[in-house]
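Residue indices begin at 1 and follow the sequence shown.
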Amino acid sequence: MSTIKELTRLCHKIAKEKGFWDEKRNLGEMLMLVVTELSEAMESYRIQDKKNFNEEIADSFIRLFDLCGGLKIDIEKEIRKKMFKNKARPYKHGKIC
Ligand SMILES: [Mg+2]
């Protein structure tokens with residue numbers, strides 16, 4: 001079974017092997033490439049292509065894990081920390097609607 005930490009390490013390793021880290025990366029561009037994958041997921045959903053929808057969601061995570069690997073972010077720790085913080089928030093995070 002893979003942990004998020006292992007997936008992060010592997011996604012970044014593969015991206016490096018494929019040359020995506022040969023030059024300095026542009027953080028804004030990397031973030032927008034995640035948005036691009038989510039847009040592709042939205043389009044797949046719109047045309048009811050469930051198989052491609054799943055793949056585009058996977059692409060989104062792969063890009064995020066690669067980014068986290070490159071920036072040396074322990075995203076598993078950060079997710080757990082934020083989930084714990086969210087759990088302590090009020091119902092619907094205190095919003096009326
Ligand atoms: Mg894609």
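Between atom CG of residue L7 and atom CG of residue L64 there is a gap of 12.5 Å, rounded to the nearest 0.5 Å. Distance check, rounded to the nearest 0.5 Å: NZ of K5 to NZ of K77 gives 8.0 Å. Taking NZ from K87 and CZ from F84, the interatomic distance works out to 8.0 Å, rounded to the nearest 0.5 Å. One finds the CD atom of E55 at 11.0 Å from the OG atom of S60 (value rounded to the nearest 0.5 Å). Between the CG atom of N54 and the CG atom of D49 there is a distance of 9.0 Å, given to the nearest 0.5 Å. Between L67 atom CG and I75 atom CD1 the span is 9.0 Å, to the nearest 0.5 Å.
M30 is listed as a side-chain neighbour of D66, based on a closest heavy-atom distance under 4.5 Å. Inter-residue side-chain proximity for R80 and M83 is flagged as unmet; no heavy-atom pair is nearer than 4.5 Å. With contacts defined as side-chain heavy-atom distances shorter than 4.5 Å, the pair K13/E17 qualifies.
In this structure, H93 and N86 approach most closely via the heavy-atom pair NE2-O, 4.2 Å.
Counted within 6.0 Å of NZ on K82, heavy atoms from surrounding residues, nucleotides or ligands total more than 12; the atom is thus considered enclosed. Crowding of Q48 atom CD: a count of heavy atoms from other residues, nucleotides or ligands under 6.0 Å not exceeding 12.
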Name each donor-acceptor pair under 3.5 Å that joins a side chain in residues 33-41 to protein atoms two or more places apart or in another chain, with its distance.
from: T36; atom 1: OG1; to: M32; atom 2: O; distance (Å): 3.0
from: E37; atom 1: OE2; to: R63; atom 2: NE; distance (Å): 2.9
from: E37; atom 1: OE2; to: R63; atom 2: NH2; distance (Å): 3.4
from: S39; atom 1: OG; to: V35; atom 2: O; distance (Å): 3.0

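Take R89 and apply the salt bridge (Lys or Arg N to Asp or Glu O under 4.0 Å) test, not counting sequence neighbours, and it matches no residue.
Through chains of ILVMFWY side-chain contacts below 4.5 Å, L10 is grouped with I14.
Results of the side chain to side chain contact (heavy atoms under 4.5 Å, CB included) test with E6 over T3, T8, I4 single out T3 as the only residue that passes.
Using a 30° and 60° split on the angle between ring planes, H12 and W21 fall in the perpendicular class, above 60°.
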